[in-house]
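Keep in mind the model is a prediction, meaning the values are calculated, not measured.
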Amino acid sequence: MPSPRSSRERRTGSGSSRLEFLSLVSQRSPGAPDSPSRRKEPGSSAAAPLPEEDCMKLNPSFLGIALSSLLAIDLWASKRLGVCAGEGSAWGSARPLMKVIEISGHGVPWLLGTFYGLCQSDSSAAREVLLNLLFALLLDLVLVAVVKGLVKRPRPTHNKMDMFVTISVDKYSFPSGHATRAALVCRFILRHLVLAVPLRVLVVLWALIVSISRVMLGRHNMTDVLFGLLLGYALYSVVEHCWLSPLSAPALFALWSH
């Protein structure tokens with residue numbers, strides 16, 4: 001009959017042989033996948049993969065590069081053309097004249113002038129034209145304010161905030177409200193007022209000079225003015241489509257009948 005000591009020795013020997021076998025298996029299979037309990041230490045030499053957003057930054061798209069380049073050119077050219085941005089600028093002596101042109105394209109004189117003409121007009125046809133011009137000017141103010149509030153592009157760094165009658169959104173630059181209004185009023189006058197050819201040329205030149213003065217005064221970048229001109233040109237089409245007449249808005253015209 002075997003003694004208890006011999007049985008304990010056999011169990012100890014079998015246990016040690018099993019541990020040796022497991023250690024040999026682990027040494028011969030270094031490529032085996034790690035278990036959840038065997039995580040890599042923070043100091044491991046294996047590099048972690050880059051986040052997806054970092055990979056996108058390291059590989060910018062062609063469209064992103066093109067837009068960034070156009071923005072840089074826009075800022076550079078606008079600063080070079082801001083020759084009346086201050087009294088010490090290249091054309092600083094012409095700054096007072098540029099500010100007079102600025103006022104000629106401001107919304108307040110146009111709104112007050114149109115409203116006064118509407119109140120003094122005795123012709124139903126003239127009241128119809130002036131009422132639609134007032135509607136166009138109000139629509140222009142609202143649309144430009146909404147776009148400026150959404151885009152929130154700051155004005156050029158070389159601009160002096162000495163503008164005539166500003167509101168909260170006027171601290172933003174895109175788009176140019178003067179350029180939008182100039183294009184809108186220009187199309188409106190050429191379409192609904194019978195003018196001689198020299199006067200029509202003067203109206204077009206006024207719209208162009210008002211738009212160019214925005215860059216020369218340092219108020220806007222070139223893209224602000226270009227987009228403003230396109231927006232004003234398109235806005236007139238909206239006004240023409242929603243034209244107010246005694247048939248479409250009789251209650252509104254009854255307010256101005258004498």
Side-chain angles (χ1 to χ4, degrees), residues 70-71 73-86 89-114 129-130 132-134 136-141 143-145 147-148 151 153 155-156 158-160 162-166 170 172-240:
L70 289 175
L71 179 61
I73 294 173
D74 177 38
L75 296 176
W76 174 81
S78 301
K79 189 172 183 178
R80 292 294 301 270
L81 293 175
V83 293
C84 300
S89 301
W91 293 8
S93 59
R95 182 175 172 81
L97 176 60
M98 291 292 106
K99 294 192 70 173
V100 172
I101 296 174
E102 178 181 55
I103 295 175
S104 73
H106 198 277
V108 172
W110 278 100
L111 284 171
L112 293 178
T114 304
V129 172
L130 291 174
N132 281 276
L133 179 57
L134 183 64
L137 293 171
L138 293 174
L139 183 62
D140 168 67
L141 287 176
L143 183 60
V144 170
V147 176
K148 282 187 175 183
V151 178
R153 185 184 189 182
R155 289 191 181 268
H158 56 283
N159 173 51
K160 292 177 62 177
D162 57 349
M163 296 175 289
F164 174 74
V165 187
T166 60
D170 284 331
Y172 301 125
S173 178
F174 185 90
S176 169
H178 280 68
T180 305
R181 191 174 303 107
L184 172 64
V185 171
C186 180
R187 283 198 70 187
F188 195 100
I189 291 177
L190 295 181
R191 175 66 178 81
H192 294 285
L193 294 179
V194 180
L195 299 175
V197 173
L199 294 178
R200 297 172 72 89
V201 173
L202 286 178
V203 171
V204 175
L205 287 177
W206 167 82
L208 293 177
I209 291 174
V210 168
S211 302
I212 295 173
S213 69
R214 309 312 292 154
V215 181
M216 295 179 65
L217 283 170
R219 307 294 196 207
H220 292 279
N221 297 306
M222 293 177 60
T223 50
D224 304 332
V225 174
L226 292 176
F227 185 83
L229 288 172
L230 293 175
L231 183 62
Y233 189 90
L235 187 59
Y236 172 78
S237 300
V238 176
V239 175
E240 192 73 18

Without hydrogens or angle criteria, can the side chains of T180 and D140 be said to hold a donor-acceptor pair below 3.5 Å?
-> no
Give the minimum heavy-atom separation between W110 and I189, together with the two atoms involved.
-> CH2-CD1, 4.2 Å
SB check R187 E240 (cutoff 4.0 Å) | no
For N159 against G218, the heavy-atom pair lying closest together | CB-O, 2.9 Å
CE of M216: more than 12 outside heavy atoms within 6.0 angstrom?
-> yes
Are the side chain of R219 and the backbone N or O of P156 linked by a donor-acceptor pair below 3.5 Å?
-> no
Applying side chain to side chain contact (heavy atoms under 4.5 Å, CB included), name anything that partners S89, two or more places apart in sequence or on another chain.
-> A85
Ion pair R153/D224, N-O distance below 4.0 Å | yes
Least distance between heavy atoms, S78 atom then H220 atom = CB-O, 4.4 Å
Please name all residues satisfying side chain to side chain contact (heavy atoms under 4.5 Å, CB included) with V210, sequence neighbours left out, ordered by chain then number.
-> I101, S104, H178, A182, W206
Flag the pair K160 / L217 as yes when at least one side-chain heavy-atom distance between them is below 4.5 Å, and no otherwise.
-> no
Measure across V147 and P175 and return the closest heavy-atom pair with its distance rounded to 0.1 Å.
-> CG1-CD, 3.5 Å
